[in-house]
2 protein chains.
Amino acid sequence: MLATVMHGPGDVRFEQIDDPKLLKPTDAIIQLSATCICGSDLWPYRGLQPQDEPAQMGHEYCGVVIEVGSEVRNVKPGQFVVGSFCLSDNTCPHCEFGFQSSCEQVEFMTGAQAPYARVPLADGTLVATSEMPDLELIPHMLAVSDVLGTGWYAAVAAQVREGGTAVVVGDGAVGLMGVLAAKELGAARIIAMSRHESRQKLALEFGATDIVEARGEEGIESVKELTKGIGAESVLECVGMEQSMQQAIGVCRPGGTIGYVGVPHGVSFDGQEMFFAQKRMLGGPAPVRRFLPDLMDRVLKGTIKPGKVFDHVLPLDQVAEGYKAMDERRAIKTMLRVD
Amino acid sequence: MLATVMHGPGDVRFEQIDDPKLLKPTDAIIQLSATCICGSDLWPYRGLQPQDEPAQMGHEYCGVVIEVGSEVRNVKPGQFVVGSFCLSDNTCPHCEFGFQSSCEQVEFMTGAQAPYARVPLADGTLVATSEMPDLELIPHMLAVSDVLGTGWYAAVAAQVREGGTAVVVGDGAVGLMGVLAAKELGAARIIAMSRHESRQKLALEFGATDIVEARGEEGIESVKELTKGIGAESVLECVGMEQSMQQAIGVCRPGGTIGYVGVPHGVSFDGQEMFFAQKRMLGGPAPVRRFLPDLMDRVLKGTIKPGKVFDHVLPLDQVAEGYKAMDERRAIKTMLRVD
C-alpha cells in the first residue's frame with residue numbers, strides 16, 4: 001500500500017510499503033475511514049525529536065475492522081471502531097484504575113496515516129459502534145481518538161466542575177478541545193487564552209465565555225481581573241512549554257487544579273515554589289480509553305462536534321502538504337481523507 | 001513575662017520580655033494551656049534558616065481567651081480555644097474555598113512558647129469549645145493546632161479514601177499524625193516507612209498495618225511487593241527532602257495522589273518525568289482552620305488521641321532542653337507545660 005513515512009525533519013513521503021499484517025494473536029487490522037496529523041507529529045518534523053530511521057507516521061484513527069487475531073474477542077470484522085493512541089489491555093490494575101495510558105502492556109500506536117493499519121491489543125484498545133455511523137460523523141469520531149480525548153482529559157484532570165471557572169492555556173487543537181470539554185463538563189466560565197483570530201472564533205463556538213489575548217504576566221493579570229482577583233479553580237495546560245506552564249500556575253487559584261496534557265519540554269518545578277503556591281497538578285498522556293464509550297456516544301447523539309477542529313482537509317496522498325500547512329500554522333489541524 | 005526567644009542557632013533562651021498586648025481591634029490575647037516545639041522550629045535552631053535578630057518562638061497553641069479587641073465577635077474572655085499556626089480571616093474567597101493557609105490576610109503565628117500570646121485575626125483563626133475541656137484532653141487539643149492538622153491535610157491532599165491504600169513517608173511527628181489521619185479517613189492499608197523502633201510502635205498504635213524500614217530504591221521495591229507491584233493510590237510525604245520526595249513518587253501508583261506537607265528544601269521536579277509518571281500532587285502549608293471544628297470534636301469525643309505524639313513533656317522554663325532533645329532525636333516532639 002501507499003502510506004506516510006517520515007525520513008527526517010521536513011521530509012514526509014507518501015510511498016510504497018508492505019501492507020500491515022497480524023503479528024500477534026491479539027492484533028487487529030483496520031481499514032481507516034479517515035486519519036489526521038497530530039501536533040506531536042511536528043516535533044520530529046521540526047527536528048526537535050531525534051529520529052534514527054524512517055518511521056511510519058500516524059496515531060489517530062477510526063475505521064472498519066477487516067481482520068482479527070485468534071485471541072481477539074471484543075471486536076470482529078465489519079465493525080466500525082475507534083481506538084486511542086495509547087494501546088492498552090484494559091484489564092491490568094492501572095487500566096482498571098482508569099489510567100490506561102500507564103497500562104502494564106502500554107504501547108503507542110503508529111502507522112495510522114495509511115489506508116490500513118495494525119492495532120495491537122485490539123480487545124483492550126478498540127471500541128466498536130453498534131452500527132456503521134453516517135459519513136458526516138467520521139471527522140468527529142476521528143477527533144475522539146486523540147485530540148478530543150486529550151483535551152477531555154485536561155478538563156477531567158483539572159477537575160472542571162458544574163458551574164466552575166476554567167482557564168485554557170493554549171489555542172492549538174488540544175486547547176480548543178479542552179474548551180469543548182470544559183463546556184460539556186458544565187463550567188460556567190471558560191477563559192480561552194488565544195491571540196489568533198480564527199482560533200478565538202472556534203473557541204467561542206466550542207463554549208469559551210472570555211478570550212484573553214495577553215500572555216505571561218500581563219495575561220495572568222487579565223485573568224485575575226476577570227476573576228475578581230481570585231484566579232480559576234481549573235486550569236487546562238495544553239502546550240507544554242515553560243512559559244505556558246508558568247502562565248497556568250499563575251492563573252490558578254490556591255487549592256485549584258492544573259491538568260497538563262502538553263508533553264513538557266524544558267519544564268521544571270521548584271518544590272518550595274509549588275508548595276507555597278498550593279496548586280494541585282495532574283498531567284500525563286491521556287487515558288483516552290477511559291473516555292471513549294462516553295465520547296463516542298456524545299458524537300453519535302450529535303451533542304458534540306469536535307471534528308470542527310479540522311480546518312484543513314486533504315486526500316491522504318497529499319499528506320506532505322498537510323504537515324507543511326500545520327508547520328507553517330496555516331492549519332490548526334489537518335484531516336486526511338482515505339477515499 | 002518569661003518566654004522563649006531564639007537568639008541564634010542552638011541558642012534558645014527563656015527570658016523576660018514584654019507581656020503581649022492587643023495591637024489591633026481584631027486581636028485576642030490568650031493564656032496558654034500548653035504549647036510545644038515544632039519540627040520546623042529546628043530549621044533556625046540548626047542554622048539552616050537564616051535569622052537576623054532574636055525571635056519569639058512558638059506557633060502551636062491552645063488556651064483560654066483573656067482579652068479581645070473591639071472588633072472581635074466570635075470568641076470572648078473565658079472561652080477555651082484552639083487556633084491554627086496560619087492566621088486567617090476565614091471570610092476571604094481563599095478561606096471560603098477551604099484554603100485558609102492562602103488567606104488574603106494570612107499571617108503566621110509566633111510567640112506561643114510563652115504563658116500568654118497575642119492571636120491576630122482572632123475571629124477567623126480561633127475556634128472555641130462550648131465548655132472547658134478536661135485537663136487530660138489538653139495535649140490532644142494542642143496537637144490539633146498544627147501537627148495533627150498538618151498530618152490530616154497530608155491525608156486529605158493525598159485523597160485517602162475508605163478502603164484504600166496509603167503510604168506515609170516520614171516517621172516524624174507529622175508523619176505519625178498522617179498515619180492516624182489515614183486510619184480515621186478509612187484507609188484499609190497503611191504502610192508506614194520508618195526505621196526507628198519507638199516511632200514504628202507509635203505508628204502501629206495509630207493504625208499502620210505495615211512497616212517498611214528500607215529507604216530509597218529498596219524501600220520503593222518493598223512497598224511495590226506489599227501492593228502486588230501496583231503502588232499506593234495515596235502517598236503522604238511528610239519530610240520535604242529530595243530523597244523522601246523521590247520515594248513518595250516511586251511508591252505512588254499511576255493516577256495516584258501525593259499530598260506533601262514537609263516544606264520542600266532543595267526539591268525540584270522535572271516536568272517530563274512528572275508527566276509520564278502520571279501522579280497527582282498537592283502540597284502546601286496546611287489549611288488547618290478547615291479541619292479544626294471536626295478534629296476538636298473527635299478529640300472531645302475521645303475518638304482520637306493525637307497527643308500521644310508528645311513523648312517528652314517539660315515545664316515551659318525548660319524549653320531549651322526541649323529543643324535539644326528534639327535536635328538530638330531523643331524526642332519525637334516536646335510538649336511544654338504552662339503551670
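Note that this is a predicted model, so its numbers are computed, not measured. All chains are named by letter (A, B, ...) in the order of the sequence lines, taking the proteins before the strands, and each is independently numbered beginning at 1.
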Distance in Å, B:Ile37 CD1 paired with B:Leu42 CG, rounded so as to fall on 0.5 Å steps:
8.0 Å
Nearest non-hydrogen partners of [X] and [Y], listed with the distance:
X: A:Leu236; Y: A:Gly151; value: CD2-O, 4.1 Å
X: A:Gly250; Y: A:Ile220; value: O-CG2, 3.5 Å
X: A:Cys86; Y: A:Phe108; value: SG-CE2, 3.4 Å

Geometric donor-acceptor pairs, no angle filter, chain B-chain A, under 3.5 Å:
from	atom 1	to	atom 2	distance (Å)
B:Pro93	O	A:Arg253	NH2	2.9
B:Ser101	OG	A:Gln278	OE1	3.3
B:Ser101	OG	A:Gln278	NE2	3.4
B:Ser102	OG	A:Gln278	OE1	2.8
B:Tyr153	OH	A:Gln278	NE2	3.3
B:Arg253	NH2	A:Pro93	O	2.9
B:Pro264	O	A:Gln272	NE2	2.6
B:Val267	O	A:Gly271	N	2.8
B:Phe269	N	A:Phe269	O	2.8
B:Phe269	O	A:Phe269	N	2.8
B:Gly271	N	A:Val267	O	2.8
B:Gln272	NE2	A:Pro264	O	2.6
B:Gln278	OE1	A:Ser101	OG	3.4
B:Gln278	OE1	A:Ser102	OG	2.8
B:Gln278	NE2	A:Ser101	OG	3.4
B:Gln278	NE2	A:Tyr153	OH	3.3
B:Gln278	NE2	A:Pro285	O	3.0
B:Met281	N	A:Met281	O	2.9
B:Met281	O	A:Met281	N	2.9
B:Pro285	O	A:Gln278	NE2	3.0

Contacts of B:Ala182 meeting side chain to side chain contact (heavy atoms under 4.5 Å, CB included) (sequence neighbours excluded), chain-then-number -> B:Val160, B:Ala166, B:Ala187, B:Ile190
Given A:Val106 and A:Leu87, is the side chain to side chain contact (heavy atoms under 4.5 Å, CB included) satisfied, shown in steps?
CA-CA 6 Å; A:Val106 74; A:Leu87 309 162; 6.0 Å; no
